[in-house]
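Everything quoted here is computed from the prediction, not taken from an experiment. By convention in this document, chain letters (A, B, ...) are assigned in the order of the sequence lines, proteins followed by strands, and residues within each chain are numbered from 1.
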There are 2 protein chains.
Amino acid sequence: MKNRKSVIRLSRYKNELHRFKTQGAVRIVSNDLAYAVGVTASQVRKDFSLFGISGNRRGGYKIDELIAWLNKILRKDEVQKVIIVGAGNIGSALMQYSGFAKEGIQIIAGFDIDPLKCRRVGAVSIYPLEKLNAFVRDNGIGIGILAVPENAAQPVLDIMVGAGIKGVLNFAPIRLRAPEECVINSVNLVPELENVIYFSNAVREKSE
Amino acid sequence: MKNRKSVIRLSRYKNELHRFKTQGAVRIVSNDLAYAVGVTASQVRKDFSLFGISGNRRGGYKIDELIAWLNKILRKDEVQKVIIVGAGNIGSALMQYSGFAKEGIQIIAGFDIDPLKCRRVGAVSIYPLEKLNAFVRDNGIGIGILAVPENAAQPVLDIMVGAGIKGVLNFAPIRLRAPEECVINSVNLVPELENVIYFSNAVREKSE
DNA sequence: ACATTATTGTGAATTTTGGAACAAAAAAGT
DNA sequence: ACTTTTTTGTTCCAAAATTCACAATAATGT
């Protein structure tokens, strides 16, 4: 029903809607949004219908209403406070990544085992890992980004889960195990790039 | 047939196989690999069968042979030279990301419009964007990582395509248009995190 | 040598996902 | 008022992906 893919598409619709809005549009029809995002119009309508969003049978959807709906569904009514664990290359980059702030996602703190990395990166202070538990509890944080090396990932995740984290975006290239009530979504950079390499070669070979 | 997902899984199998190998294993059965990666055993066998990898009807697959096959399929016999365009947070982080080097992917150069960013990051030199075309042609580069801001993404991609890039891993949160012969794979960080936020809330609400 | 067991490889069944098509509804025109 | 046009919402259909299930077969034990 409401699956990973449909939620991801919702985010992408939202993004394109902002773009349409800045161009002065007030209403949008499924067809145009579909083209912008790269899916079919029925897909768009189906997604909206799935989440109870309805438009008008002529004149399509009001952009402001749509954005409001999407923001509500995606919890954008409140600022989402997120921690990042691991202040290496990826972790540090994400601490400064403006895309998050733009979408109301606030990186509230970073954590790392290495005391040398417990400095400040952009607007984010990095604390020693031992402080994670108390910090998460005291601030009621639910979401974390895991950007530590492969072999540290599982133990660090366990600490996060133990502290009460309920959702993790993981960058370690490894399968993590967590209790059901904790949602894990992994971004695997190497496989994604290998995928590009594979298909760009496949395309070339087909045309030879 | 050979779809995006199956190729991504191959990468993940490879990763887990290295892990098994360092633990001293010589052979592996589909069941164990499946468990490690988090898929079903038939999925593993189907994937292998799809790419013409075969095992032994007792005793499973020889790990070394498997890794050799996967490396061949994923083009790991040669070092893959990749450029990164955009030396902001994400781009710079990827230039130093050890995961790529570990998998035989060499970041050979970076490019950016901003002259201030044309410095050196780790082992990677960053050149002005104007030099991209010549560099790509002279070095026969086929793969690029696109890590520029949203509004620069399409024009910069056009430059890359014009220079002969045939595969792109894109981090800009926007739909890109490229000729068929250029493969594009996008990693959208904000939607991925929003996905975690959505489902972690959905899980909590279900249990209330 | 033969029986037994473990495990692959694959065809069939199932589930999931996406797309086409069209009736229902709202707006616009006449 | 009513006809036409546009566009949604939804049902039905197709394709893709996944899992099931089991025959084929290779190793092992007796």
In whole angstrom, what separates [X]'s [atom1] from [N]'s [atom2]?
X	N	atom1	atom2	value
A:Glu65	D:dT8	CD	P	14 Å
A:Arg4	D:dT18	CZ	P	13 Å
B:Asp32	C:dT7	CG	P	8 Å
A:Phe48	D:dT10	CZ	C1'	16 Å
A:Asp47	D:dG9	CG	P	13 Å

Nearest to the side chain of [X], heavy atoms from C-beta on, is which of [options]?
X	options	answer
B:Lys46	C:dA27, D:dT19, D:dG9	D:dT19
B:Arg57	C:dG18, D:dA17, C:dT8	C:dT8
A:Ser42	D:dT25, D:dT10, D:dT18	D:dT10
B:Arg58	C:dT7, C:dT10, C:dT17	C:dT7

Need to verify one output field. Residue with the more 5' nearest nucleotide on DNA chain C, A:Arg45 or B:Gly55?
B:Gly55

OP1, OP2 of [N] versus side-chain N and O of [X]: anything below 4.0 Å?
X	N	answer
B:Tyr61	C:dA6	no
A:Ser49	D:dT10	yes
B:Gln43	D:dT19	yes
B:Asn56	C:dT7	no
A:Arg27	C:dA27	no

Do the ring planes of A:Phe111 and A:Phe135 sit parallel (below 30°), tilted (30 to 60°) or perpendicular (above 60°)?
perpendicular

In terms of the angle between their ring planes, are A:Phe48 and A:Tyr13 parallel, tilted or perpendicular, with boundaries placed at 30° and 60°?
perpendicular

B:Tyr35 ring centre to A:Arg175 NZ or CZ under 6.0 Å, with the angle to the axis within 45°?
yes

